[in-house]
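Read through the structure below, which is laid out as structure tokens, and then see the notes.
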Amino acid sequence: MTQTTANEAPSETGEASSREWDAESLGRRFEEVRGRTEALAAPLSPEDQTVQSMPDVSPTKWHRAHVTWFFETFLLAEAEQGFAPFQDKYWFLFNSYYETLGPRYARPDRGLVTRPGAHEVGDYRANVDARVRELVDTLDGGSLEKLTPIIELGFHHEQQHQELLLMDIKHVLSRNPLQPVYAGSPVERCEPDRLGWVEVEGGLVEVGHEGPGFSFDNEMPRHRQWLEPYRLADRLATNGEWLAFMADGGYERHELWLSDGWAKVRGEGWSAPLYWSEHDGVWFEHTLNGTWPVNPGLPVAHVSFYEAEAFATWSGKRLPTEAEWEHAVVTDGQGGQHGRDEQVVGNLADGGSFHPRPAQPAPAGSRLRQVHGDCWEWTSSAYHPYPGFHPPEGAIGEYNGKFMSNQMVLRGGCALTPAGHARASYRNFFPHGARWALSGVRLADGGAPA
């Protein structure tokens with residue numbers, strides 16, 4: 001949520017929620033989450049699941065195996081009587097970045113691991129699934145209570161990889177000259193609607209997660225920040241607006257870009273968002289539901305922080321800070337109290353579109369549109385710890401703190417984010433130049449309209 005490291009998602013260290021879990025509800029949720037991963041992989045051939053199209057992309061079967069390794073390593077190894085790993089070498093192959101747990105296979109070479117194949121990974125999943133179910137069913141009340149936080153964390157960890165599985169296979173299929181379709185269906189051509197603005201008073205505000213509900217550790221502690229009055233665009237920037245940016249020399253005018261961003265443009269030959277290509281004067285976009293002419297009314301997607309920042313400069317605006325984004329969303333009534341993980345509404349993965357959709361009316365009583373879903377929204381905030389943050393002890397706390405450098409925060413979720421996995425306090429992060437994540441732009445500025 002992910003880039004040498006950030007596509008592994010924001011944090012893998014969570015706080016226990018206030019939800020009342022018992023063996024039956026944990027087992028039912030385990031089946032749901034694990035089954036969803038297999039359903040996402042089902043349309044893919046074993047060959048599809050093995051390809052690694054660039055170093056930042058992981059093969060589908062690696063995602064399926066890694067989330068299984070997570071339950072085996074952090075749950076079964078801790079609590080299963082007479083524990084023995086399913087296969088000794090899998091701990092080396094499917095460890096992502098946990099130095100505390102020993103060596104791991106190099107990330108850029110994951111596509112070279114032709115064995116175990118997709119079917120053998122399925123055997124691994126089935127073995128661990130059966131053992132987890134048996135463990136949960138046989139734990140006494142005290143042991144179950146102790147282990148519930150790691151089990152729930154495993155659910156959220158797997159949901160992160162469900163999103164990454166879709167992002168990664170999109171890149172894989174884009175490199176196939178046949179441009180195969182994965183799932184979903186396109187929408188009819190539409191034009192951007194009028195861009196509105198939502199004014200926010202600012203002041204001394206509180207941001208971050210607090211209270212019941214699951215969160216990752218990088219969403220805490222809740223703390224105060226001072227915000228000057230500002231306003232946010234009521235929807236995401238569109239393909240039509242991006243086409244205007246391109247037509248006005250957006251990728252050719254150095255004065256619009258940060259120095260590092262301009263070096264990326266020149267060095268990598270950027271002239272349009274990732275997955276766009278021009279044929280006979282018409283721009284096309286590759287999606288998980290095929291390759292189609294760019295639809296002007298859809299949100300622009302797969303742009304880097306550098307591109308988002310340049311577009312904002314061209315627009316005479318800026319990107320919001322993450323505190324501005326969160327405060328505006330919560331005060332707009334779309335974030336849940338104090339960032340809690342109450343169900344949010346938006347174009348998320350459960351809708352099956354697997355691509356951004358045109359902006360719809362805001363929920364009743366709200367003014368901001370496309371808050372959750374469609375595209376992750378770049379902010380101008382560097383990914384740093386909140387005041388008072390301390391990573392937990394041990395391997396499971398290793399992820400977060402060491403990656404709080406050279407990355408930027410995104411908010412909101414996207415069309416590939418699992419339902420129930422988006423909330424106002426969620427902090428995703430990617431390097432400045434990352435484009436394969438489903439990321440877009442919401443503009444901000446200060447003061448009232450001119």
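Count residues from 1 along the sequence. Any value given below was found using the heavy atoms of this structure, including those in side chains, with hydrogens, waters and symmetry copies removed.
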For the residue pair [Y] / [X], report whether a side-chain donor-acceptor contact shorter than 3.5 Å exists.
X	Y	answer
Arg175	Ser53	no
Glu163	Trp376	yes
Thr60	Asp168	no

Return the minimal non-hydrogen interatomic distance between [X] and [Y], and the atom names on each side.
X	Y	answer
Lys170	His286	O-NE2, 3.3 Å
Trp62	Leu93	NE1-O, 3.3 Å
Gln159	Pro418	O-CG, 3.4 Å

Handout entry: Donor-acceptor under 3.5 Å (Asp140 side chain, Ser143 main chain)
Key = yes

Handout entry: Donor-acceptor under 3.5 Å (Ser304 side chain, Arg435 main chain)
Key = no

Handout entry: salt_bridge(Arg131, Glu134) N-O dist < 4.0 Å
Key = no

Exercise for the section: Answer yes when Arg115 and Glu120 have at least one side-chain N-carboxylate O distance shorter than 4.0 Å, and no when they do not. Expected result: no

Exercise for the section: Anything under 30° is parallel, anything over 60° is perpendicular, the rest tilted; go ahead and classify Tyr426 against His421. Expected result: perpendicular

Problem - Derivation of the salt bridge (Lys or Arg N to Asp or Glu O under 4.0 Å) call for Glu309 and Lys264 - result: CA-CA 13 Å; Glu309 203 275 340; Lys264 275 281 190 183; over 6 Å; no

[X] vs [Y] side-chain heavy atoms within contact, under 4.5 Å:
X	Y	value
Asp332	Pro363	no
Glu322	Arg427	yes
Val172	Val57	yes

